[in-house]
Amino acid sequence: MKALRISPRGDVTEVDLPTSQSGEFIDALRTLITATTIEALALTTRWDAWLDEDGCANAQPLNTYATALASQYGISAALRGTVVITGADRETGYAAALTPEQITAIRQRVISPSKTSP
């Protein structure tokens with residue numbers, strides 16, 4: 001399944017995650033995020049952000065790019081470390097693949113934090 005990885009440096013890369021919602025999906029996320037415990041944060045009704053649940057305690061750097069993206073949707077939390085954005089299927093409760101249109105939209109919204117202030 002297509003997803004986007006946002007590094008704390010602002011690198012946005014398309015990644016493929018296993019489509020099964022079993023341990024393979026979670027293991028792949030743990031590897032991408034470099035975390036033992038992960039959490040999902042609902043960005044919108046169609047997108048989830050996955051990140052290190054213990055990012056602060058693990059001294060993960062502030063991801064100003066993912067934080068700026070989340071703030072565009074009313075989320076005021078500081079996101080730390082690498083963040084992976086997936087689609088969200090609210091009916092099943094599982095992650096879903098991002099469409100090419102969603103990938104483009106998210107890439108356009110991941111802007112340098114310095115560009116968000118006047």
Side-chain angles (χ1 to χ4, degrees):
M1 103 177 41
K2 295 292 182 191
L4 285 177
R5 177 183 177 271
I6 305 170
S7 79
R9 294 185 325 224
D11 300 322
V12 181
T13 53
E14 195 172 317
V15 295
D16 285 309
L17 293 170
T19 55
S20 86
Q21 297 298 322
S22 66
E24 293 174 13
F25 174 77
I26 297 298
D27 289 345
L29 279 173
R30 283 185 184 132
T31 299
L32 284 171
I33 297 169
T34 316
T36 304
T37 57
I38 57 175
E39 69 175 308
L41 175 66
L43 286 181
T44 71
T45 58
R46 297 176 8 208
W47 301 337
D48 286 335
W50 297 83
L51 58 149
D52 183 350
E53 184 174 36
D54 300 319
C56 193
N58 292 333
Q60 293 278 7
L62 178 65
N63 188 325
T64 54
Y65 299 90
T67 299
L69 175 67
S71 72
Q72 293 174 45
Y73 298 102
I75 297 168
S76 60
L79 308 185
R80 297 188 165 273
T82 299
V83 175
V84 174
I85 308 296
T86 65
D89 183 341
R90 298 292 180 233
E91 288 183 24
T92 64
Y94 292 125
L98 293 172
T99 66
E101 295 80 16
Q102 289 174 321
I103 289 171
T104 299
I106 294 166
R107 282 183 183 277
Q108 290 173 345
R109 287 173 174 86
V110 177
I111 55 176
S112 170
S114 64
K115 293 180 184 176
T116 61
S117 55

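Salt-bridge annotation for Lys2 and Asp16: present, with a side-chain N of the basic residue lying under 4.0 Å from a carboxylate O of the acidic one.
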Should Val84 and Asp48 be marked as a side-chain contact (heavy atoms from CB on, under 4.5 Å) after you check the CA-CA gap, both sets of side-chain angles, and the distance that decides it?
CA-CA 8 Å; Val84 174; Asp48 286 335; over 6 Å; no
Would Arg109 and Tyr73 satisfy side-chain hydrogen bond (donor to acceptor under 3.5 Å, both in side chains), going step by step from the backbone distance to the final call?
CA-CA 11 Å; Arg109 287 173 174 86; Tyr73 298 102; 2.8 Å; yes
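When all heavy atoms of Leu4 and Val12 are compared, the pair lying nearest together is CD2-CG1, 4.0 Å. Among all heavy-atom pairs drawn from Ala42 and Arg90, the shortest one is CB-NH2, 3.4 Å. Here the shortest heavy-atom pairing between Leu62 and Ala78 reads CD1-CB, 3.7 Å. Taking each heavy atom of Leu79 and Ala70 in turn, the nearest pair found is CD1-CB, 4.0 Å. Looking at every heavy atom in both residues, Leu32 comes nearest to Arg5 through O-NE, 3.7 Å. Taking both residues in full, the closest heavy atoms of Phe25 and Ala95 are given as CZ-CB, 3.4 Å, listed atom of the first, atom of the second, then distance.
Looking at Trp47 and Thr86, their side chains never bring a donor and an acceptor atom within 3.5 Å of each other.
When atom types are taken as modelled, the side chain of Asn63 and the backbone of Ile6 share a donor-acceptor pair closer than 3.5 angstrom. Judged by distance alone, the side chain of Thr34 and the main-chain N or O of Arg30 form no donor-acceptor pair under 3.5 Å.
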